[in-house]
There are 2 protein chains.
Amino acid sequence: MGALPNHINILLKFVQNLNKTGFLIKLTWERSQNYMNLESIAKLSGVSRSTVSRVINDSPNVSSAAREKVLSVIQQVDFQPNIAARSLAAGKTQVIGLVIPTHITRLFSDPFFPLLIQGISSSCNASDFSVMLWLSEPEHERRMIRKILYNGIIDGVIISSSVINDPLVNALKERDLPFVMVGEPIDKENTNFVDVDNQSGALRAVLHLARIGYKKIATITCALNTAVGISRLAGYEEALHQANLKFDSKLVMEGDFSQESGYILTKRLLVQKPDAIFVASDPMAQGCYRALHEAGLTIGKDIAIVGFDDLPFSPHMSPPLTTVRQPIINMGQMAVEILINSIQDANRPVRQLYLPTELIVRSSCGLS
Amino acid sequence: MGALPNHINILLKFVQNLNKTGFLIKLTWERSQNYMNLESIAKLSGVSRSTVSRVINDSPNVSSAAREKVLSVIQQVDFQPNIAARSLAAGKTQVIGLVIPTHITRLFSDPFFPLLIQGISSSCNASDFSVMLWLSEPEHERRMIRKILYNGIIDGVIISSSVINDPLVNALKERDLPFVMVGEPIDKENTNFVDVDNQSGALRAVLHLARIGYKKIATITCALNTAVGISRLAGYEEALHQANLKFDSKLVMEGDFSQESGYILTKRLLVQKPDAIFVASDPMAQGCYRALHEAGLTIGKDIAIVGFDDLPFSPHMSPPLTTVRQPIINMGQMAVEILINSIQDANRPVRQLYLPTELIVRSSCGLS
DNA sequence: ATATGATTTGGGAGCGCTCCCATATATTAC
DNA sequence: GTAATATATGGGAGCGCTCCCAAATCATAT
C-alpha cells in the first residue's frame with residue numbers, strides 16, 4: 001500500500017527519460033481502489049482526524065453532533081480502520097491468538113476441538129475480535145513463540161492443553177502478555193483458566209450407576225498424566241466411597257481418549273465381568289460399544305455404560321449413551337471473555353473458572 | 001506500545017505538579033522489555049536500518065560481509081520484525097485468512113475440517129505464514145468481509161465450501177485480493193481451487209463393487225446442491241454404465257453428510273433389498289452401519305458397503321470400511337501453496353487442481 | 001592517471017493510526 | 001459583566017517498517 005506498484009514506477013521512469021529528450025510529458029495518477037482512512041472520513045464529515053478517531057474509540061469527549069455526523073459517514077462508506085496502523089500506534093489490535101498443540105491426536109478424531117474453536121470464534125465475532133490460529137508443531141515452536149510475542153499483532157492468547165513447563169506459557173508470563181488456558185493446567189498458580197468440574201461430573205455419573213444398583217463398576221480413564229484424567233478418576237473413587245463400594249484396581253484401565261483404547265481396554269475389562277463401566281470420554285465409549293457388540297452383550301441390559309463429554313454423536317449411538325455433558329462451546333466463550341477482560345484491564349485479578357457439568361440420562365445404563 | 005502506560009503518565013503528572021511548587025525533580029525511564037527493531041539491530045551490527053531491512057527481505061544488493069553480520073545479530077537476539085509496521089509500509093504481512101462458513105454442521109461431526117485446518121496450518125508454518133481463522137456467521141458476515149478486505153492484515157484468503165454467489169467471493173474479486181477455494185465451486189471460472197477428483201473416485205469405488213459381482217448397487221449421495229454431491233453421483237452412474245448395470249432411481253437416496261442421514265436413508269433403502277451400497281461419505285457410512293446392524297445384516301456378507309473419505313475412524317469400524325481415500329491434509333497444503341504463489345506473483349495464471357483419490361480395500365465389501 | 005559504470009550504503013519520507021498538547025468554545029460561578 | 005473551569009476540537013509527533021533517492025564505495029575500462 002505504501003509504495004506505488006511496479007508497473008506505475010516503470011512507466012514513471014520511462015516518462016522521466018522521455019522528458020530528458022526535450023519533450024515535456026506530464027503523468028498524473030490516483031488510487032483506483034477507494035481506500036479510506038481517518039483523514040478521508042474526517043474530510044467527508046467536516047471534522048478533524050482526531051475527532052474521527054475519538055468517535056471510533058468511544059471517547060466521551062465528543063459533541064453528539066460531531067459523533068452522529070462521523071458515524072453516519074462511516075456507516076455510509078463502510079469504513080474499517082486499519083488494524084496494522086492501530087497496532088503500531090497503540091499496541092492494540094483486537095486480535096487474539098489461539099494455540100493448540102498438534103501432538104494431540106485427539107484434534108482429528110474428537111469433536112472437542114472443533115466445538116471449542118466454534119465457541120471461541122463466535123464469542124470473538126460478537127466482541128469484534130479476530131482469531132489467529134496456531135497449531136503448534138514442535139519443529140516450529142520457537143519461531144511461533146517469537147511471532148506471538150513480537151510480531152505486534154496479538155493482544156492476548158488462548159492456549160489449549162499445555163504441557164508441563166510449556167515454553168510458550170513461560171514466555172507469555174515473562175513478556176506479560178495476557179493469556180487464558182482452556183483446561184486446568186498442572187501448575188495453575190497465577191494463571192487464568194477455564195475448565196469444567198471434572199471431578200464432580202464423574203462423581204455424579206458413577207453415583208447414578210450405583211443408585212440404580214450396579215455393584216461392580218469399572219472405569220476406563222483418560223490419560224492419567226492430564227489434569228482431566230486425574231480429576232475424573234478421583235470422582236470415580238469418591239463415588240464408590242459414597243456408595244460403600246470398594247475400590248478394585250483391576251477394574252481401572254488407563255486409556256488415552258481414543259476409540260481404539262476404549263475398544264482394547266473394554267475387551268480386557270470383560271475378563272473381570274463388570275456390570276457397569278464408566279468410560280471417561282465419549283470417543284472411548286464408542287470403542288467400548290464396539291467391543292461389547294462383538295462380545296454379544298446388550299448394552300443397557302447385560303451391562304451399563306456411562307460416558308463423559310456428550311458430543312454430537314453421543315445421542316445417536318445405539319443405544320443412546322448416558323453421559324456427562326461438558327459445555328465445550330461455553331468454555332470457549334468464557335475463555336474469550338476472560339481474555340478480553342484482562343487485555344482491557346491489566347490489573348484484573350486472576351480468574352479460574354470451573355463450569356458445571358450435567359448428567360444426560362439416556363438408555364445405555366438401563367433406565368428410561 | 002506507542003504511548004506510555006497509564007501508571008507512568010500519572011507519576012509524570014504528579015512530578016510536574018511538584019515541580020510547579022518550587023521543587024525540581026527529574027524523572028527518567030526506559031522500557032524494561034527488550035523491544036528490538038530494525039534500528040537497534042542496525043546499531044548492533046554496525047550498519048544502517050536500510051541494510052538490515054534488505055537482509056531480512058533477501059535483497060540481492062548487500063555485501064556478504066554485511067549480510068553475515070546482520071544475520072548473526074538477528075539470530076543472537078531472536079529478532080522478529082513487526083508485522084504491523086511491515087503491513088503499513090509495504091502492504092505485505094505473511095498472514096492469510098481461512099474462512100469456513102458455520103452453517104455447515106459438518107464442521108462439528110466430520111473430521112474433514114480439522115484435517116484441512118491441519119494441512120493448511122502446517123504448510124503455513126513451513127512457509128513462515130500465519131493463519132487468521134474466521135468461522136463466518138451470517139449475522140457478522142458483512143463486518144467480517146470488511147475486515148478481511150480493509151483491515152490491512154490479510155495477504156490472501158482460503159475459502160472452504162462457498163455458496164453460490166458468495167458475497168465474500170465477489171468482494172475479493174472486486175478488491176483483487178488473492179484467494180483459493182477448497183472444494184470445486186459451482187462457478188469455477190477464473191477461480192483458483194483445489195479439490196479431489198470426486199467423480200473418478202466414485203467411479204472406481206462402484207466399479208470395484210460391480211467387479212466383485214454385486215448387481216443391485218444402491219447409493220446414498222451427499223447433498224446434491226454441492227459440487228461434491230453431484231460429482232460423486234455422476235461417478236456412480238458412470239460406473240453402472242460401464243458395468244452394464246441399469247440405473248434405478250429408487251436405489252438413490254440424497255443425504256446431507258451426517259451420520260443421521262446415513263442411518264435413516266439406509267433403513268429406507270433396505271426395502272429395495274440392495275446387495276451393495278456406495279455411501280458417498282464415511283460419516284454417513286457410520287449411520288448406515290448402525291442401521292444394518294439393527295436390521296441384523298452382516299456387513300461384507302449379506303451386504304457390501306463402500307464409503308468415501310477414509311477418515312481416521314474408518315479403519316476402526318466393524319468391519320473395517322472399504323472407502324475412497326481423499327488426501328485432505330494434502331488439499332490444505334496445496335491450497336496454501338497456490339495462494340502464496342498468487343500473493344507473490346499477481347500475474348500467475350489461475351490454478352484448478354484435482355488431486356487423485358485412492359481406493360482402500362478393507363473387509364466391508366466381502367473381499368480380503 | 002581519470003572516466004565510466006556497477007554495486008553497496010544511509011537517511012528521508014510516509015503508510016494510518018493514537019496520544020498528547022495547545023487552542024477554541026461552552027458552561028458555570030461570582 | 002468578568003473570571004474560572006469544563007468540554008470539544010485540531011494538528012504535531014511518532015509507532016517500525018519499506019521504498020526511494022542520493023551519496024559513497026568498489027571494479028573495470030580507457
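Residue numbers begin at 1 in each chain, while the letters A, B, ... track the order of the sequences. Note that these values count all heavy atoms, side chains included, but never hydrogens, waters or copies made by symmetry.
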Margin query: Using whole Å, what does the distance between atom C1' of nucleotide D:dC17 and atom CD of B:Gln94 come to?
Written below: 14 Å
Note to self: With a 4.0 Å cutoff (strictly under), does any side-chain N or O of A:Asn82 reach OP1 or OP2 of C:dG16?
What the structure shows: no
Check: A:Arg54: what forms a salt bridge (Lys or Arg N to Asp or Glu O under 4.0 Å) with it, not counting sequence neighbours?
Finding: none
Note to self: Using the ring-ring contact (aromatic ring centres under 6.0 Å, His included) criterion, which residues pair with A:Phe179? Sequence neighbours excluded.
What the structure shows: none
Next item on the list: Assign each of B:Phe79 and B:Arg54 to its nearest nucleotide of DNA chain D by heavy atoms, then name whichever residue's nucleotide is nearer the 5' end.
Entry: B:Phe79
Notebook entry, point to check: Are any of the side-chain heavy atoms of A:Val99 and A:Met144 separated by less than 4.5 Å?
Noted result: yes
Check: Rounded to whole angstroms, how far apart are CD1 on B:Ile56 and C1' on D:dC19?
Finding: 15 Å
Note to self: Rounding to an integer number of Å, can you tell me how far B:Ile41 CD1 sits from C:dG10 P?
What the structure shows: 15 Å
Item checked: Spacing between B:Asn37 atom CG and D:dC17 atom P, to the nearest angstrom -> 5 Å
Notebook entry, point to check: Phosphate oxygens OP1/OP2 of C:dG10: is one of them under 4.0 Å from a side-chain N or O of B:Ser50?
Noted result: no
Show every donor-acceptor pair shorter than 3.5 Å between a side-chain atom in residues 59-69 of chain A and any protein atom, with sequence neighbours excluded, or say none if there are none.
residue, atom, partner, partner atom, Å
A:Ser59, OG, A:Asn61, N, 3.4
A:Ser63, OG, A:Ala66, N, 3.3
A:Arg67, NH2, A:Ser59, O, 2.7

Item checked: Note, B:Lys92 side chain near B:Ile343 side chain (heavy atom, < 4.5 Å) -> yes
Next item on the list: Calculate the interatomic distance between B:Leu88 atom CG and D:dG14 atom P; express it in whole Å.
Entry: 17 Å
Next item on the list: Kindly say whether, by distance alone, the side chain of A:Arg49 makes a donor-acceptor pair under 3.5 Å with the base of C:dT18?
Entry: yes
Checklist line | Length of the line joining B:Leu38:CG and D:dC19:C1', which is rounded to integer Å | finding: 13 Å
Notebook entry, point to check: Can you tell me if the side-chain N/O atoms of B:Thr51 get under 4.0 Å from OP1 or OP2 in C:dG10?
Noted result: yes
Next item on the list: Find the bend of the helix from C:dA1-D:dT30 to C:dC30-D:dG1 as the angle between its two terminal axes (five pairs each), to the nearest 10°.
Entry: 40°
Note to self: Can you pull out the residues from residues 62-76 of chain A that lie within a 4.0 Å heavy-atom distance of DNA chain D?
What the structure shows: A:Val62, A:Ser63, A:Ala66
Item checked: B:Leu38 and B:Phe79, any side-chain heavy atoms less than 4.5 Å apart -> yes
Margin query: Tell me every residue that passes side-chain contact (heavy atoms from CB on, under 4.5 Å) with B:Glu337, counting only those two or more places apart in sequence or in another chain.
Written below: B:Met334, B:Asn341, B:Arg351
Note to self: Please determine whether the number of non-hydrogen atoms from other residues, nucleotides or ligands lying under 6.0 Å from atom CZ of A:Arg142 exceeds 12.
What the structure shows: no
Next item on the list: Would you mind telling me which of C:dT18, C:dC15, C:dG16 lies closest to the side-chain atoms of B:Ala89?
Entry: C:dC15
Notebook entry, point to check: Between A:Glu39 (CD) and C:dT18 (P), how many Å, whole number?
Noted result: 12 Å
Next item on the list: For A:Asn61 and C:dA24, give me the distance from atom CG to atom P, rounded to whole Å.
Entry: 18 Å
Margin query: Main chain of A:Leu339, side chain of A:Ser342: is a donor-acceptor contact present, judged purely on distance under 3.5 Å?
Written below: yes
